[in-house]
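Here's the structure, in structure tokens; my notes come after.
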2 protein chains.
Amino acid sequence: MIERIHLKILREIDQLGSLTAAAKSLHLTQSALSHSFKKLENQSGTQLWHKKGRQIHLTQAGKFLLNEANRLLPQMERLDEVLLQYAKGERGALRIGMECHPCYRWLLKVVEPFLAEWEGVDVDVKQKFQFGGMAALFNHEIDILVTPDPLEIKGIKFSPVFDYEQVLVVATTNALATHTTVSPEALSNEVLFTYPVEKERLDIFKNFLIPANCQPKKHKLIEATEMMLQMVAADRGVATLPLWLVNEYQDSLPIKAVRLGDKGLPKKIYLGIRTNEEPTEYIRAFFKLALKSKF
Amino acid sequence: MIERIHLKILREIDQLGSLTAAAKSLHLTQSALSHSFKKLENQSGTQLWHKKGRQIHLTQAGKFLLNEANRLLPQMERLDEVLLQYAKGERGALRIGMECHPCYRWLLKVVEPFLAEWEGVDVDVKQKFQFGGMAALFNHEIDILVTPDPLEIKGIKFSPVFDYEQVLVVATTNALATHTTVSPEALSNEVLFTYPVEKERLDIFKNFLIPANCQPKKHKLIEATEMMLQMVAADRGVATLPLWLVNEYQDSLPIKAVRLGDKGLPKKIYLGIRTNEEPTEYIRAFFKLALKSKF
DNA sequence: TAGCAACTATGAAAACTATTCATTGGTTGT
DNA sequence: ACAACCAATGAATAGTTTTCATAGTTGCTA
């Protein structure tokens, strides 16, 4: 029967290259590891590695186990952590995943009252996912996913929590600042700043420029929202951001929001949660607060 | 440190309701379980349950652990199974998930040469998923998902492997049998058989009837493809199925395929795999065979 | 309300398992 | 050929889990 220790040993061997080194890092002797795996190999009847010279080579079965170890160990380790949290009187932690760059400020406004209301619950926000936010939700890396692109998948439920309009931000000195709306063609002469994600995930391309077969004079990538706004204020280019965000900065920076197309670009923020388990009380509470959010 | 045994105990307690019963089912004494959890509780500083009368009630923390146990234990149990398989000289098992009812016959045609070519690899097909095929892929319940509805998600890659046309099947005695094509309106007088899944997942509704604002005289659900064909042959109603499937039965049953609309209803079968790990050799091989499949 | 059945908790002893110690034998590099 | 590594192994030891025996609680019922 495979136990947690077996997986740990395998992981260490893989990382450190030798039984002896792995043993040291686990505060055990080389002998202990050797015995422990000999036993596992006898029980299962499978060789997990073989010696090649003074090196250890994992067999096919060993590689399989290693792969699973790397996947499962972090999940087991989390169990310990969470129990410790419970011990400290913390009710748990709300792990939020963000797939929506400018939503960060919106999130802050929701998190603030949440923290006040739920003293025992910590909030953690992850913005980078190796395999995407959806995978993170499925794998219990996060509990809530904030995204503008919901997907209908069994096991995950998305609910809209906030409507807003995506607008073009330009410097007050920019020629476009006098317009009330802007056409796709008008952007052909502008430098466009966006977050560094795939074009397909950027509304300005997917729902505005590409349908009209247009493109900006130049497309530059900026990660930080504040920097983007500074660049726009200096009239180095234009960007697309939520209207409420532009409004927040309008007093402190010489920028102006211009509607994209005649009808504007309406957007929604969605929250996604797993539906295969009863959501905890504080997740429901977060939902309520998110729905109440206003700008 | 939480070990596998703790999760097992928790799961049994939840299922059987008492320590004593759980102990019996695990071939241990009640005392053992009591000690074992007392230790865990002392180490973590968290109470996992409390006695209420002669019953055991899980605390918040206990419920959390139980939930994780139900999720993680099956994955651990699989590790043992797979090692045993390796011992028997089997290279592993290809676990295929199907989200495409009529594709079963197509799958058989691919599996046949696969089994011949890969003697050591077993094939297992799952057709029911509690939380959907996508979740099953993420959770390593299956290795390949066969579906007509691919979704663009990081961590999963879908590739089209087979094109076909979805057609209406009618009895040769049915009035529609003389037509070469059929309009949505024409179905208003027919009983329609489909698989028992949500309407949104049935192309005949999503891409044919609903856009034309039509509906069949009656909608009846049948699970088994063969039964469906028998019912159609007896002119109890009509159904939509892949053309290649209808062709296979055309000689043995009095049925006829009729094109849906002027252009027909083109469909594709996609295979989805996880991209966060190197696919094993036999998964790649299965892909190749799937691409070669012809009817 | 006394008695009984069903259950859990606990300390001490027993059984079992994991770990170490001490040693061997193999490989690599100088 | 020797030193430096490294893994495997048997026997001894340390450590942990499990049992046994027993006490204590609850809920039912006669």
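Below, read A as the first sequence line, B as the second, and so on, with proteins coming before strands; counting in each chain starts at 1. For the numbers below, each heavy atom of this structure counts, side chains included, while hydrogens, waters and symmetry mates do not.
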Looking only at the side chain of [X] (C-beta and beyond, no hydrogens), which of the listed nucleotides [options] gets closest?
X	options	answer
B:R54	D:dT9, D:dT18, C:dA6	C:dA6
B:S31	C:dT20, D:dA21, C:dA6	D:dA21
A:T29	C:dT8, C:dT20, D:dC6	C:dT20
A:H35	C:dC7, D:dT18, D:dG10	D:dG10
A:S34	D:dC20, C:dT8, D:dA8	D:dA8
A:Q30	D:dA8, D:dT16, D:dT9	D:dA8
B:K39	C:dG25, D:dT16, C:dC7	D:dT16

Between [atom2] of [N] and [atom1] of [X], the distance in whole Å:
X	N	atom1	atom2	result
A:H50	C:dT27	NE2	P	14 Å
A:N42	D:dG10	CG	P	11 Å
A:K38	C:dT17	NZ	C1'	18 Å
A:H27	C:dA18	NE2	C1'	17 Å
B:L33	C:dA9	CG	P	10 Å
B:L58	C:dT8	CG	P	12 Å
B:L40	D:dT16	CG	C1'	15 Å
B:Q55	C:dA9	CD	P	14 Å

*Is the shortest side-chain N/O distance from A:W49 to OP1 or OP2 of D:dA8 below 4.0 Å?*
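Yes, within the criterion.
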*Less than 4.0 Å between a side-chain N and a carboxylate O, is that true for A:D143 and A:R95?*
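Salt bridge between A:R95 and A:D143, a charged N being under 4.0 Å from a carboxylate O: yes.
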*Give a yes or no on whether a salt bridge exists between B:E77 and B:R11, defined as a side-chain N under 4.0 angstrom from a carboxylate O.*
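Judged by the 4.0 Å cut-off on N to carboxylate O distance, B:E77 and B:R11 do form a salt bridge.
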*Indicate, with a heavy-atom threshold strictly under 4.0 Å, whether B:I56 touches base, sugar-phosphate, or nothing.*
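Sugar-phosphate only.
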*asked:* Which residue is it: A:E68, A:R71, A:Q75? I am looking for the one with a side-chain hydrogen bond (donor to acceptor under 3.5 Å, both in side chains) to B:Q75.
replied: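 Among A:E68, A:R71, A:Q75, the one meeting side-chain hydrogen bond (donor to acceptor under 3.5 Å, both in side chains) with B:Q75 is A:R71.
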*Kindly give the heavy-atom pair with the smallest separation between B:A290 and B:L271, and that separation in Å.*
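Closest approach of B:A290 to B:L271: CB-CD1, 3.8 Å.
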*Closest-nucleotide 5' rank along DNA chain C - winner of A:K52 and A:S36*: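 Result of the comparison: A:S36.
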*Should the ring pair B:Y282 and B:W118 be called parallel, tilted or perpendicular, given that the plane angle runs from 0 to 90° and is split at 30 and 60?*
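Ring orientation of B:Y282 relative to B:W118: perpendicular.
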